[in-house]
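Below, chains carry the letters A, B, ... as their sequence lines are ordered, and counting in each starts from 1.
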Number of protein chains: 2
Amino acid sequence: MSILADVARIAGVSKSTASRALSGRGYVSEDTRVKVERAAAELGYVVSTAAASLVTGRTRNVGVVIPYINRWYFGEVLEGIEASLIQAGYDLTLYRLSSDADLRRRVFDYFLVRKRVDAVISVAIALSPNEVHMLQALGKPLVGIGGLIPGIPSLSIDDVETARLATEHLISLGHRRIMHVGGDQHEQMDFRVHSQRYIGFQRALTDAGITVEDDFRDAEFSIQGGHAAGLAVLGDPRTRPTAIFAGCDEIAIGIMVAARQLGIAIPHELSVIGIDGHPLAETFGLTTVVQHPGDQGARAVELLLGQLDATPEAPPSEHIVLPTTLSVRTSTAARRETPVTTASA
Amino acid sequence: MSILADVARIAGVSKSTASRALSGRGYVSEDTRVKVERAAAELGYVVSTAAASLVTGRTRNVGVVIPYINRWYFGEVLEGIEASLIQAGYDLTLYRLSSDADLRRRVFDYFLVRKRVDAVISVAIALSPNEVHMLQALGKPLVGIGGLIPGIPSLSIDDVETARLATEHLISLGHRRIMHVGGDQHEQMDFRVHSQRYIGFQRALTDAGITVEDDFRDAEFSIQGGHAAGLAVLGDPRTRPTAIFAGCDEIAIGIMVAARQLGIAIPHELSVIGIDGHPLAETFGLTTVVQHPGDQGARAVELLLGQLDATPEAPPSEHIVLPTTLSVRTSTAARRETPVTTASA
DNA sequence: GTGAAAGCGCTAACAA
DNA sequence: TTGTTAGCGCTTTCAC
């Protein structure tokens with residue numbers, strides 16, 4: 001492990017010149033720059049981040065806090081962030097925050113503060129004013145994904161509107177007996193995404209003058225979860241809905257699997273719509289409202305780098321609402337000219 | 001941001017005493033320890049890792065290189081690693097290595113070397129002797145997951161044996177027309193997992209004296225991939241296999257979906273078996289050979305910490321082969337008393 | 001355009 | 001048991 005002094009010696013210059021040549025900051029003649037670079041390459045020299053950050057206060061490392069890794073949406077976001085970060089020469093330090101409040105406090109009080117990260121991206125985690133304040137007091141730029149965090153730039157779709165759009169699509173097909181299979185309202189994600197989508201759903205129904213008695217069923221946000229809920233909800237032909245708006249594509253797919261298993265024809269007896277744009281939606285012919293999590297990750301990094309590199313006194317703190325688009329497939333291909341009721345009553 | 005000197009001043013001791021009290025290394029009286037801790041808490045002091053690592057050479061940070069994030073197996077491994085690491089007080093810096101050789105070199109030459117990580121976990125990436133040597137020369141412990149890496153401790157299942165086990169299960173059910181739908185043999189993963197599984201498959205057939213003409217079809221390692229391959233392979237009733245050994249559970253599930261779509265009854269007309277232990281296997285009634293990726297991640301961290309904390313001169317470099325277990329479900333529930341041939345010829 | 005020197009915040013000998 | 005001292009490797013004024 002060679003150090004800067006070695007490089008300087010071999011190149012026949014001082015440490016400070018070597019440092020300038022390598023970092024690109026400050027004036028160095030073309031000649032010496034070449035000499036220094038050659039020496040560095042020869043020695044396989046790599047700057048010590050520890051030493052550099054000690055003096056500059058920058059680590060070129062970004063912390064990412066995220067509640068799940070192995071769910072499609074989150075994995076995509078993470079991949080998007082990682083790719084952008086590495087390309088910009090930044091490292092990514094990963095903190096998976098479970099619902100364990102203790103762990104969360106530890107991560108914020110200890111890990112994130114240790115001057116180890118220059119900035120933080122918070123995915124689907126609603127930072128408390130306290131947490132935001134802490135990080136900001138430390139001068140650490142902050143970007144949120146998946147919901148609005150007051151005071152910092154954040155990125156998300158409009159969950160209420162997206163849910164409304166999905167539900168309206170079902171209504172426009174003639175459905176009246178529509179159900180929402182979504183996230184447990186008590187076990188909320190941080191931004192209360194579950195409620196938001198439920199609210200959008202109900203709003204669409206209300207606006208269309210539709211009343212549904214049994215309009216909600218909770219499910220885990222996974223294909224398994226959707227499948228279990230689907231079996232439960234679709235079992236009784238007399239009470240089953242003719243259309244389901246699922247809280248995410250995984251749930252929607254699980255429901256479609258359950259429907260097939262129960263011999264329920266899609267879309268003739270049941271229409272299904274999801275949210276996200278999961279690649280499986282195509283395989284299953286699932287209509288879905290698409291968002292692009294990978295792009296969201298990339299965009300968040302962009303915002304962050306803007307804060308990091310540019311003017312230190314220009315903290316843009318607006319919330320950006322990302323558009324979602326309807327991608328219609330066979331799961332909602334049937335149009336009902338007259339409202340359908342499977343109930344015999 | 002208070003620094004150690006502040007804490008020391010408030011506690012009325014010297015910096016070194018404060019350091020000892022906080023780090024737990026060296027002798028400090030109970031009394032002063034309490035005083036120092038109180039002062040630190042009062043100031044919200046957190047040690048600067050940059051400064052600490054500059055002098056100790058340790059960063060309490062582990063680098064993880066992994067080819068995918070959004071695939072079940074890899075996500076699980078990552079979650080397992082993350083949980084164990086954070087519990088041990090280590091950070092995790094994530095590098096997703098695509099097939100881009102350039103990126104790979106950059107990560108090894110630059111990122112991993114910058115003294116930013118104390119150790120490296122390599123998931124499903126076959127490190128070259130060069131890469132291993134580089135990291136070892138730097139004194140960085142190294143653990144591999146997903147295949148044997150000569151000279152370093154590594155962890156993996158026996159892909160050949162696992163594939164053989166799966167195939168033997170199908171054979172024992174009376175199947176003769178068996179096919180392997182697995183990874184592209186050209187687009188190999190680093191440890192040639194695809195070939196290994198294919199070899200195990202073929203070995204089982206050979207041992208049973210079975211010859212199959214069209215015994216392989218490649219697929220992307222995803223449900224979509226399995227679905228596409230399934231449609232292609234199962235389309236013609238005269239040539240279709242009666243059993244399929246899939247390269248992973250995602251592929252197997254995709255095949256099952258395709259089969260249902262084609263009206264092929266499982267397990268009466270087709271048996272399917274996968275590898276991994278994906279949670280969806282239960283939903284789909286898929287028989288599979290189970291491994292536990294999360295545990296593998298945890299185990300890898302254990303091995304790493306052993307090297308990191310313990311005797312510096314005890315590098316255990318053996319490869320540990322993890323057991324896999326057959327989990328039988330309905331997808332292979334049918335026993336054929338006489339070998340089945342769907343072919344009319 | 002280049003070098004000398006100071007010091008970032010911390011730990012680890014070594015003395016006391 | 002505690003304090004003093006000397007750096008860890010780098011960047012960055014400030015002279016030259």
Its contact letters, B for base, S for sugar-phosphate only and - for none at protein heavy atoms under 4.0 Å, make nucleotides 11-16 of chain C read BBB---

Table please: side-chain donor-acceptor pairs of residues 146-157 of chain B below 3.5 Å, with sequence neighbours left out.
from     : atom 1 : to       : atom 2 : distance (Å)
B:Ser154 : OG     : B:Ile149 : N      : 3.4
B:Ser154 : OG     : B:His319 : ND1    : 2.8
B:Ser156 : OG     : B:His319 : NE2    : 3.1

What pairs of donor and acceptor atoms, side-chain ones from residues 38-48 of chain B against any protein atom, are under 3.5 angstrom apart with sequence neighbours left out?
from    : atom 1 : to      : atom 2 : distance (Å)
B:Ser48 : OG     : B:Ala50 : N      : 3.4
B:Ser48 : OG     : B:Ala51 : N      : 3.1

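Within the structure, salt bridge (charged side-chain N to carboxylate O under 4.0 Å, His left out) pairs that include any residue of residues 293-302 of chain B do not occur (at least two apart or interchain). Note on residues 59-75 of chain A: no pairs pass salt bridge (charged side-chain N to carboxylate O under 4.0 Å, His left out), not counting sequence neighbours. Residues in residues 75-88 of chain B take part in these side chain to side chain donor-acceptor pair (under 3.5 Å) pairs, two or more places apart or across chains: A:Asn70-B:Glu76. Note on residues 2-13 of chain B: pairs passing salt bridge (charged side-chain N to carboxylate O under 4.0 Å, His left out), not counting sequence neighbours, are B:Asp6-B:Arg9. The list of salt bridge (charged side-chain N to carboxylate O under 4.0 Å, His left out) pairs with a residue in residues 124-135 of chain A, not counting sequence neighbours, reads A:Arg104-A:Glu131.
The line from CZ of A:Phe108 to CG of A:Asn130 is 11.0 Å long, rounded to the nearest 0.5 Å.
Checked against salt bridge (charged side-chain N to carboxylate O under 4.0 Å, His left out), A:Asp159 has the following partners two or more places apart in sequence or in another chain: A:Arg197. In this structure A:Arg105 satisfies the side chain to side chain donor-acceptor pair (under 3.5 Å) test together with A:Asp102, sequence neighbours excluded.
We find that CG of B:Leu54 is positioned 13 Å from P of C:dC8, with the value rounded to whole Å. Here the P atom of nucleotide C:dG9 and the CG atom of B:Leu22 are 16 Å apart, to the nearest Å. The nearest whole Å value for the distance from the CZ atom in A:Arg58 to the P atom in D:dC10 is 19 Å. Separating the OH atom of A:Tyr27 from the P atom of D:dT12 is a distance of 14 Å, rounded to the nearest angstrom. Here the C1' atom of nucleotide D:dG9 and the CD1 atom of A:Ile3 are 6 Å apart, to the nearest Å.
A:Ser48 has no side-chain polar atom (N or O) that falls below the 4.0 Å cut-off from OP1 or OP2 of D:dG9.
By the 4.0 Å N-to-carboxylate-O rule, A:Lys140 lies too far from A:Asp118 to be salt-bridged with it.
Rounded to 10°, the helix from C:dG1-D:dC16 to C:dA16-D:dT1 has 30° between the axis fitted to its first five pairs and the one fitted to its last five.
Taking every heavy atom of residues 30-44 of chain B and every atom of DNA chain D, pairs under 4.0 Å involve B:Thr32, by number.
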